[in-house]
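Reading through the structure tokens given below for one structure.
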Amino acid sequence: MAVQQKPKTTIPTAVEEHTEILVVEKELEKTVEVKPKKNNWDIKDRVYVISDIHSPLTYTLQSKHSVRYPLVWFDKQTGNQEELRYATNQNSPLVSEQKGQATLGHIIFENGILNVPKEKQNLQKLLSLYHPGLNKKYTEFDPTAEAEDDLDELELETQAMTAAFEMDIDQAESIVRVEAGSRVNKMSSKEIKRDLVLMARRNPSLFLELANDDNVQLRNIAIRATESNIIKLSQDHRTFSWAENDRKLMTVPFDENPYSAMAAFFKTDEGVQIFRSIEKKLK
């Protein structure tokens, strides 16, 4: 009688086991459901402000779509337009997501401000996400962004004030002359410094722009030289000449400020020598 042989059992190698594990992992990855990303929408009280500083005491923002006054939102993902409507008894401002009878509400800004509590999520989402008037007719007040803007302005003002206090009197005079004109000639050095600091505090960006513009100081030299009768400008404002001998220095290009043209001339090879000569005579 023949003895039935048992089937041989094969022991998988380490490589085969590793391969099987990888295959199982890949199958599991296919079956795992990819969860959508969490919405970044924060549930909180929000404040909205009319963009126009001259807004009326009471302003009513459009709150529903009509044929005459469309109120729609364009969905970039689907390429469709969604009709908008503020309904106090609905959870969504999108008409397509509203169900049943809608109780329409008004959106009214008082003194240019609208406070919307966190309980009114439908109104908040209409104003913050969908309404076409956002950042045009009104903006959402952001305390963090407001603080950052204030800090930037304070840093700019500090920089301008520091530069004003450290600036020498000649450069200070050239900057103050931009606003004061010929009146600066009758001002003392203390008055010039005072007006300079006030200018830096009132409009720091303009002050720093003028402080970094070497043409401003060159213009001032040209004006002082003319007022001191070192050089003279013809009546038609087209020619600069030496006052002592009427020798022509330069012709002002058509439709250009004569002193701006003279400042540009001072930077040329010929103008540098004239500038140095004028500087010596002004001292």
Exercise. Measure the CG-NE2 distance between L233 and H237 for me, rounded to the nearest 0.5 Å.
Key: 4.5 Å
Quiz prompt | Criterion side-chain contact (heavy atoms from CB on, under 4.5 Å) on K125 and Q121, from CA distance to verdict | solution = CA-CA 6 Å; K125 289 182 179 180; Q121 287 297 295; 4.2 Å; yes
Quiz item: For the hydrophobic clusters of this structure (ILVMFWY residues joined by side-chain heavy atoms under 4.5 Å, transitively), does one cluster hold both V216 and I169?
Solution: yes
Self-check item: L84 and K64, any side-chain heavy atoms less than 4.5 Å apart
Solution: no
Quiz item: Can you tell me how far CD1 of I175 sits from CD1 of I192, rounded to the nearest 0.5 angstrom?
Solution: 11.5 Å
Quiz item: Do Y86 and V72 share a hydrophobic cluster, counting only Ile, Leu, Val, Met, Phe, Trp and Tyr and linking them when any side-chain heavy atoms are less than 4.5 Å apart?
Solution: no
Quiz prompt | Modelled atom types, side-chain donor and acceptor of E82 and S96, under 3.5 Å | solution = yes
Quiz prompt | Rounded distance [0.5 Å steps], CG in D168 versus CD in E166 | solution = 11.5 Å
Exercise. Taking all heavy atoms of L282 and all of S228, pick out the closest pair and write down the distance.
Key: CD2-OG, 3.9 Å
Practice problem: Search all heavy atoms of L71 against all heavy atoms of H131 and return the closest pair with its distance. | Solution: CD1-NE2, 3.7 Å
Quiz item: Quick check: does any side chain N or O of S174 sit under 3.5 Å from a backbone N or O of Q171, one acting as donor and the other as acceptor?
Solution: yes
Practice problem: For residues L218 and K267, determine if any side-chain heavy atom of one lies less than 4.5 Å from a side-chain heavy atom of the other. | Solution: yes
Quiz item: Should we say atom CG of N245 is surrounded by more than 12 heavy atoms from elsewhere, each under 6.0 Å from it?
Solution: yes
Quiz item: Cluster question for you: counting only ILVMFWY and a side-chain heavy-atom cut-off of under 4.5 Å, with indirect links fine, are L210 and L156 together?
Solution: yes
Quiz prompt | Ring-face cation contact, W41 with K118, 6.0 Å cut, 45° max | solution = no
Exercise. Report, as yes or no, whether the 6.0 Å neighbourhood of atom CZ on R194 holds more than 12 heavy atoms from other residues, nucleotides or ligands.
Key: yes
Practice problem: Check the pair L61, L127 against side-chain contact (heavy atoms from CB on, under 4.5 Å), reporting the backbone distance first and the verdict last. | Solution: CA-CA 10 Å; L61 186 70; L127 294 172; 3.6 Å; yes
Quiz item: Measuring from K120:NZ to N115:CG, what's the distance to the nearest 0.5 Å?
Solution: 10.5 Å
Practice problem: Would you kindly confirm whether W73 and L126 end up in one hydrophobic cluster when ILVMFWY residues are joined by side chain heavy atoms under 4.5 Å apart? | Solution: yes
Exercise. Could you walk me through whether H65 and R85 pass side-chain contact (heavy atoms from CB on, under 4.5 Å), step by step?
Key: CA-CA 6 Å; H65 173 78; R85 178 174 63 188; over 6 Å; no
Practice problem: Indicate the atoms forming the closest heavy-atom contact of E270 with L249, along with that distance. | Solution: OE2-O, 4.4 Å
Self-check item: Heavy-atom donor-acceptor pair, E155 side chain to D152 backbone, under 3.5 Å
Solution: no
Self-check item: Derivation of the salt bridge (charged side-chain N to carboxylate O under 4.0 Å, His left out) call for R202 and E179
Solution: CA-CA 13 Å; R202 184 172 59 251; E179 287 193 347; 3.0 Å; yes
Quiz item: Are there more than 12 heavy atoms of other residues, nucleotides or ligands under 6.0 Å from atom NZ of K193?
Solution: yes
Quiz item: Is there a side-chain contact between M199 and V176, using heavy atoms and a 4.5 Å cut-off?
Solution: no
Quiz prompt | Polar side-chain atom of T239 near backbone of S234 as donor-acceptor pair, under 3.5 Å | solution = no
Practice problem: Might you point out which heavy atoms bring S92 and N122 nearest each other, and give the distance in Å? | Solution: N-CB, 4.3 Å
Quiz prompt | Q217 side chain reached by D214 side chain, heavy atoms, under 4.5 Å | solution = no
Quiz item: Could you go step by step and tell me if V116 and D45 meet the side-chain contact (heavy atoms from CB on, under 4.5 Å) rule?
Solution: CA-CA 6 Å; V116 183; D45 296 336; over 6 Å; no
Quiz item: Closest heavy-atom contact between F240 and P258?
Solution: CE1-O, 3.3 Å
Quiz item: Strictly by modelled atom types, are D75 and Q81 linked by a side-chain donor-acceptor pair under 3.5 Å?
Solution: no
Quiz item: Between I108 and E110, is any pair of side-chain heavy atoms under 4.5 Å apart?
Solution: yes
Exercise. Determine whether more than 12 heavy atoms belonging to other residues, nucleotides or ligands lie under 6.0 Å from atom CG of D52.
Key: yes
Quiz item: Going hydrophobic residue to hydrophobic residue with side-chain gaps under 4.5 angstrom, can you get from F266 over to W242?
Solution: yes
Quiz prompt | Rounded distance (nearest 0.5 Å) linking atom CG of L134 with atom OH of Y48 | solution = 8.5 Å
Exercise. Salt-bridge test for R46 and E140: reply yes if a basic N is under 4.0 Å from a carboxylate O, no otherwise.
Key: yes
Exercise. May I ask you to test the F141-I113 pair for a side-chain heavy-atom distance under 4.5 Å?
Key: no
Self-check item: Q235 atom CD, neighbour heavy-atom count above 12 within 6.0 Å
Solution: no
Practice problem: Tell me yes or no: between the side chains of N257 and R219, is some donor less than 3.5 Å from an acceptor? | Solution: yes
Quiz item: Does the distance from a Lys or Arg side-chain N to an Asp or Glu carboxylate O, for E244 and K281, drop under 4.0 Å?
Solution: yes
Quiz item: Under a 4.5 Å cut-off applied to non-hydrogen side-chain atoms, are I50 and K137 in contact?
Solution: no
Quiz item: Looking at side-chain heavy atoms only, is the closest gap between E119 and Q124 below 4.5 Å?
Solution: no
Quiz item: Minimum heavy-atom separation for A261 to V252, with atom names?
Solution: CB-CG1, 4.0 Å
Quiz item: Which class fits the ring pair F109 and Y138: parallel under 30°, tilted 30 to 60°, perpendicular over 60°?
Solution: tilted
Quiz item: Atom NE2 of H106 and atom OG1 of T88: how far apart are they, to the nearest 0.5 Å?
Solution: 10.0 Å
Quiz item: Are any side-chain N or O atoms of T268 and backbone N or O atoms of F265, one a donor and one an acceptor, separated by less than 3.5 Å?
Solution: yes
Quiz item: Side-chain donor-acceptor pair under 3.5 Å between K136 and T139, yes or no?
Solution: no
Quiz prompt | Ionic contact status for R224 with E173, cut-off 4.0 Å | solution = yes
